2 protein chains.
Amino acid sequence: MKIQEVSEKFEISTDTLRYYERIGLIPTVNRTESGIRDYTEEDMRRVDFVKCMRSAGLPIEVLIDYMALVQKGDSTIATRKEILLEQREQLTARIEEMQKTLEILNYKIQVYESKMVETEKKIKGTE
Amino acid sequence: MKIQEVSEKFEISTDTLRYYERIGLIPTVNRTESGIRDYTEEDMRRVDFVKCMRSAGLPIEVLIDYMALVQKGDSTIATRKEILLEQREQLTARIEEMQKTLEILNYKIQVYESKMVETEKKIKGTE
DNA sequence: CCTTGACTTGGAGTTAACTCCAGGTGTTAC
DNA sequence: GTAACACCTGGAGTTAACTCCAAGTCAAGG
């Protein structure tokens, strides 16, 4: 698959795909004879994984380290697990924060709602 | 309250507090005669609110607009509610994304876990 | 009174994660 | 076969949100 197809499939710009490759977040993609990227299924699984992790805010640096360990093979499993444990912890913390904020937003919206209803009533009363 | 006390209370650096003020995210804080910031209770409520919203990733620009409307008074309630509705929608979307990622992390960690148990068994078998 | 540390301002620097650009090559539809 | 478009690379530019700095003022303890 060519870069634009991958770009459309995963909704990641071609610039970003090339960027991910050049910083080593995904390993170098094979090129055709004329030098054009030809993504394999495995390449795309990696892209998908990275997209997912990035969408949750995992830092690129951490993902670079992690992906490098994946490339290195089974001897790195313990380290990889450590990385994911750490990231999971941070992620749950972030989610919790956001849920607290969400509740405050809910409350504020509801307050505004009832204030607006009050205002309506007053207007009606003076008609 | 002086800036450093506020900084410690909310765990926001003094630099960030001053930055928020200068970009208009919180209105200008009163100064003592000698020009030193003296935060009121209301100032601190604002700081707390901004901190909460920022921790959930709401963009500063949106918060500036929102806070300006708050200053403007009750006539802006409908607009404020619209802003919060929009932000709430985006926030729930982000939370959902993160929860999907969390599940994938959980799965991956569990796979690594069982791989490690397998390796343990093999080692024990060869002893 | 003088030192030490907190405070002030305006402006510059940093960081992460893209995003864009220029200059060149390859390919495909007519 | 040529115009239009996708692709390549290396490097520069952008954006959001801080964070740091310099040069100066102010306040409290000894």
Side-chain angles (χ1 to χ4, degrees), chain A residues 1-40 43-44 46-47 49-67 87 90-91 94 97-98 101, chain B residues 1-40 43-44 46-47 49-67 87 90-91 94 97-98 101:
Chain A
M1 239 182 180
K2 288 200 225 172
I3 196 163
Q4 195 171 1
E5 297 167 319
V6 178
S7 165
E8 278 155 22
K9 181 164 181 176
F10 295 105
E11 300 186 283
I12 301 177
S13 77
T14 56
D15 270 320
T16 300
L17 284 169
R18 283 190 278 257
Y19 165 68
Y20 282 171
E21 189 178 334
R22 99 167 111 172
I23 63 173
L25 183 47
I26 48 174
T28 310
V29 174
N30 261 352
R31 309 293 147 107
T32 64
E33 280 156 43
S34 54
I36 286 168
R37 284 178 184 77
D38 182 23
Y39 288 80
T40 66
D43 289 330
M44 292 196 279
R46 284 194 263 246
V47 167
F49 175 73
V50 166
K51 188 201 168 171
C52 175
M53 295 301 126
R54 286 293 305 124
S55 79
L58 273 72
I60 280 187
E61 260 211 59
V62 171
L63 294 175
I64 289 173
D65 290 352
Y66 176 79
M67 295 300 270
Q87 292 306 311
Q90 293 186 20
L91 182 54
R94 282 202 299 277
E97 278 241 84
M98 289 164 93
T101 303
Chain B
M1 242 187 181
K2 287 200 225 172
I3 196 164
Q4 194 170 2
E5 296 167 317
V6 178
S7 164
E8 277 155 24
K9 179 164 183 177
F10 295 104
E11 299 187 284
I12 301 179
S13 77
T14 57
D15 270 319
T16 299
L17 285 169
R18 283 190 279 254
Y19 166 68
Y20 283 171
E21 189 177 335
R22 104 166 105 172
I23 63 174
L25 184 47
I26 49 177
T28 310
V29 173
N30 261 352
R31 310 293 147 108
T32 64
E33 278 154 46
S34 53
I36 287 169
R37 285 178 182 77
D38 184 21
Y39 287 80
T40 66
D43 289 331
M44 292 198 278
R46 285 194 263 248
V47 167
F49 174 72
V50 166
K51 189 201 166 170
C52 176
M53 295 302 126
R54 285 292 308 125
S55 80
L58 274 72
I60 280 186
E61 260 211 58
V62 171
L63 295 174
I64 290 173
D65 291 351
Y66 177 80
M67 295 301 269
Q87 292 305 312
Q90 293 186 19
L91 182 54
R94 282 203 297 278
E97 276 243 81
M98 289 165 93
T101 303

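Here the structure is a predicted model, which is why all the values come from computation and not from measurement. Numbers restart at 1 for each chain; the letters A, B, ... are given by sequence-line order, proteins then strands.
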Check the pair B:Tyr19, B:Ile60 against side-chain contact (heavy atoms from CB on, under 4.5 Å), reporting the backbone distance first and the verdict last. CA-CA 11 Å; B:Tyr19 166 68; B:Ile60 280 186; 4.0 Å; yes
Check the pair A:Asp43, A:Thr40 against side-chain contact (heavy atoms from CB on, under 4.5 Å), reporting the backbone distance first and the verdict last. CA-CA 5 Å; A:Asp43 289 330; A:Thr40 66; 3.1 Å; yes
Step by step, work out the side-chain contact (heavy atoms from CB on, under 4.5 Å) result for B:Met98 and A:Met98. CA-CA 10 Å; B:Met98 289 165 93; A:Met98 289 164 93; 3.4 Å; yes
Worked verdict on B:Tyr39 versus B:Glu5 for side-chain contact (heavy atoms from CB on, under 4.5 Å): CA-CA 9 Å; B:Tyr39 287 80; B:Glu5 296 167 317; over 6 Å; no
Between the protein and nucleotides 1-4 of chain D, which nitrogen or oxygen pairs come in under 3.5 angstrom?
none

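Counting to the nearest Å, the P atom of D:dG11 and the CZ atom of A:Arg18 are 16 Å from each other. To the nearest angstrom, P of C:dC7 lies 14 Å from CD of B:Glu21. Rounding to whole angstrom units, CG of residue B:Asp38 and P of D:dA27 are separated by 13 Å. In this entry the distance linking CG of B:Asn30 with P of C:dC7 reads 17 Å, nearest Å.
Atoms CE and CZ, from B:Met67 and B:Arg46 in turn, are 6.0 Å apart once rounded to the nearest 0.5 Å. Note that NZ of B:Lys2 and OG of B:Ser7 are 13.5 Å apart. Values are rounded to the nearest 0.5 Å.
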Strictly under 4.0 angstrom, non-hydrogen atoms only: write out the protein contact profile of nucleotides 12-26 of chain C, one letter per nucleotide from the 5' end, B, S or -. -----BBBB-----S
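Not counting sequence neighbours, B:Tyr20 has no partner by the ring pair (Phe, Tyr, Trp, His ring centres under 6.0 Å) test. Remark: B:Tyr66 pairs with B:Phe49 by the ring pair (Phe, Tyr, Trp, His ring centres under 6.0 Å) rule, at least two apart or across chains.
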May I have the list of side-chain donor-acceptor pairs in residues 21-28 of chain A shorter than 3.5 Å, sequence neighbours left out?
residue: A:Glu21; atom: OE1; partner: A:Arg37; partner atom: NE; Å: 2.7
residue: A:Glu21; atom: OE2; partner: A:Val29; partner atom: N; Å: 3.1
residue: A:Glu21; atom: OE2; partner: A:Arg31; partner atom: NH2; Å: 2.1

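Of the residues listed (A:Leu17, A:Ile12, A:Asp38), the one engaging A:Ile3 in a side chain to side chain contact (heavy atoms under 4.5 Å, CB included) is A:Leu17, and it is the only one.
A donor-acceptor pair under 3.5 Å is formed between the side chain of A:Arg94 and the backbone N or O of A:Ala56.
Side-chain nitrogen and oxygen atoms of B:Arg31 include at least one within less than 4.0 Å of the OP1 or OP2 phosphate oxygen of C:dT9.
Less than 4.0 Å separates DNA chain C from no heavy atom of any residue of residues 2-12 of chain A.
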